[in-house]
S.K.: 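Mind looking over this structure? Questions follow.
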Amino acid sequence: MRPDSARRAARSGQVPHGGIAPVSPAGFLGAPVAEALAFAPDVAEHLADAGVGNGGCFARPLPIDTTCAAAARRFFREAVSSLALPSGLVHDGVTMASELAANTLHAQRNDAPAGIRQRSAAGIPEIWLYLRGTGRTRELVCKVFDTERGWAPGARPGMSDAPLDSVSGRGLQVVAGLSAGQWGCHLSRSRLGNWKVPGKAVWFSLRIPPAALADHLGRPRYSPDWLIDELEDMLAARGLNSIVRADQEGISVLSVSRHLTVWRHHANLSWRSPSGRYERMDLTDLVDAAEQIVCAHEETALSDPVAV
């Protein structure tokens, strides 16, 4: 029988305690951002809430005005402050995070007629950072979420790579150049606020030199049984809360929707994407695995709303 969250939290040494530093709502953080921050726990109860170096995801709301780029720069530095990253890498990341945050203003302009400033804090732009991979494949991933699912009215959402001329300005060209092409866009759901709403995440990744970080940083060292519990909790926290699960001798099956089933065999995850391709991941890349499963769910919902 699957243990509940309280029982898992009581297991000695299994729940990381990388607290989330509070951010004052004063200055560039307006009332909707302060409202969103009220939902951020002071102490991490789940791996998704732990610090970047502990295998979690750093998530903060972004202002819905022209201060969003400055906020993104500040949050990027805060997220990586405990990591011994090369200064040039941090500088590139700060620059790209700033450009992605500024790009959210395009989404806000499109949503303005719908009265976005009168909405709940759920669905305002967010910035996320986490680590994935190991050794020579170790990467720092930065994503900026907003509620516009396409790049522009009529654009196809869910694309893996965004056209450079999809928005005005040269911001995305800067991102493409500094990331050496490691960037793109996919469907997702918000992390903060009182309910989770669909949208898109625009992302970039930076390859980290193997000597810069200890190999265990950002990779949770817990049993596969504990990690699959965390994965289910992560998906439920993103609004995928109709999961049907079965477990037997190192194998877990999570039926997320009629067309999306996730298999866990010991420390390996696999599922069939809406395109028909089988995806396989290491369970220890938990945050990235959860994000890709959320993306697959959203793509399914877009093509077959009845199935989810």
Side-chain angles (χ1 to χ4, degrees), residues 20-41 48-49 51-52 56-81 90 92-112 114-130 140-151 162 167-169 171-172 174-175 179 183-206 238 287 291 294:
I20 294 179
V23 180
S24 171
F28 63 80
L29 295 181
V33 180
E35 179 185 343
L37 283 171
F39 294 91
D49 302 321
V52 173
C57 180
F58 178 99
R60 293 289 188 275
L62 289 170
I64 52 177
D65 56 34
T66 55
T67 65
C68 61
R73 292 192 292 271
R74 172 180 172 176
F75 289 144
F76 189 98
R77 291 191 179 95
E78 179 186 347
V80 305
S81 61
V90 174
D92 288 349
V94 166
T95 301
M96 289 188 284
S98 175
E99 296 293 350
L100 292 191
N103 195 46
T104 64
L105 294 180
H106 177 71
Q108 302 308 319
R109 285 194 297 268
N110 288 340
D111 284 342
I116 188 172
R117 294 179 181 272
Q118 302 302 316
R119 295 185 321 184
S120 165
I124 66 175
E126 302 171 10
I127 184 171
W128 313 330
L129 289 101
Y130 60 87
L140 175 67
V141 181
C142 177
K143 301 189 177 186
V144 171
F145 171 87
D146 65 53
T147 54
E148 186 188 0
R149 291 164 76 85
W151 285 90
V167 295
S168 59
L172 296 181
V174 171
V175 173
S179 68
W183 75 291
C185 172
H186 62 79
L187 295 181
S188 190
R189 298 179 72 88
S190 62
R191 293 177 180 272
L192 305 174
N194 50 3
W195 73 86
K196 306 306 184 288
V197 295
K200 74 171 184 298
V202 187
W203 64 273
F204 67 84
S205 64
L206 288 170
R238 303 287 292 282
V287 173
E291 182 67 10
V294 168

S.K.: So, for Arg60 and Leu192, which heavy atoms are closest and what is the spacing to 0.1 Å?
M.R.: C-CD1, 3.5 Å

S.K.: For Gly56 and Val287, work out which heavy atoms get closest and say how close.
M.R.: C-CG2, 3.9 Å

S.K.: Give the minimum heavy-atom separation between Val175 and Met96, together with the two atoms involved.
M.R.: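 So the two residues come closest at O-SD, 3.6 Å.
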
S.K.: Are Thr104 and Val144 side-chain neighbours, meaning at least one heavy-atom pair lies under 4.5 Å?
M.R.: yes

S.K.: Rounded to the nearest 0.5 Å, how far does CG of Leu206 lie from CG of Leu129?
M.R.: 9.5 Å

S.K.: Identify the heavy atoms of Ala97 and Ala72 that sit nearest to each other, and give their distance.
M.R.: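 Nearest heavy atoms, Ala97 then Ala72: O-CB, 3.6 Å.
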
S.K.: With heavy-atom distances below 4.5 Å as the criterion, would you say the side chains of Leu62 and Phe75 are in contact?
M.R.: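 Of all side-chain heavy-atom pairs linking Phe75 with Leu62, at least one is under 4.5 Å.
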
S.K.: So do Glu291 and Trp128 actually touch side chain to side chain, heavy atoms under 4.5 Å?
M.R.: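 In short, these two side chains touch, coming nearer than 4.5 Å.
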
S.K.: Would you name the heavy atoms of Lys196 and Arg191 that are closest together and state the gap between them?
M.R.: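 Taking Lys196 first and Arg191 second, the nearest heavy atoms are CE-O, 2.8 Å.
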
S.K.: With a 4.5 Å cut-off on side-chain heavy atoms, are Pro125 and Ile64 touching?
M.R.: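 They are in contact (side-chain heavy atoms under 4.5 Å apart), so the answer is yes.
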
S.K.: Under a 4.5 Å cut-off applied to non-hydrogen side-chain atoms, are Glu78 and Phe58 in contact?
M.R.: yes

S.K.: Listed by chain and number, what are the side-chain hydrogen bond (donor to acceptor under 3.5 Å, both in side chains) partners of Ser179, not counting sequence neighbours?
M.R.: none

S.K.: Who pairs with Arg73 by side-chain hydrogen bond (donor to acceptor under 3.5 Å, both in side chains), at least two apart in sequence or on another chain?
M.R.: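 If we apply the side-chain hydrogen bond (donor to acceptor under 3.5 Å, both in side chains) test to Arg73, skipping adjacent residues, the hits are Ser98.
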
S.K.: What are the two closest non-hydrogen atoms of Ser190 and Arg238, and how far apart are they?
M.R.: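 Smallest heavy-atom distance, with atoms named: O-NE, 3.4 Å.
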
S.K.: SG/Cys68 to CD1/Ile127 distance, rounded to the nearest 0.5 angstrom?
M.R.: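 Cys68 SG to Ile127 CD1: 10.0 Å, rounded to 0.5 Å.
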
S.K.: With a 4.5 Å heavy-atom cut-off, do Trp183 and Leu172 have their side chains touching?
M.R.: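 Trp183 vs Leu172: side chains touch.
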
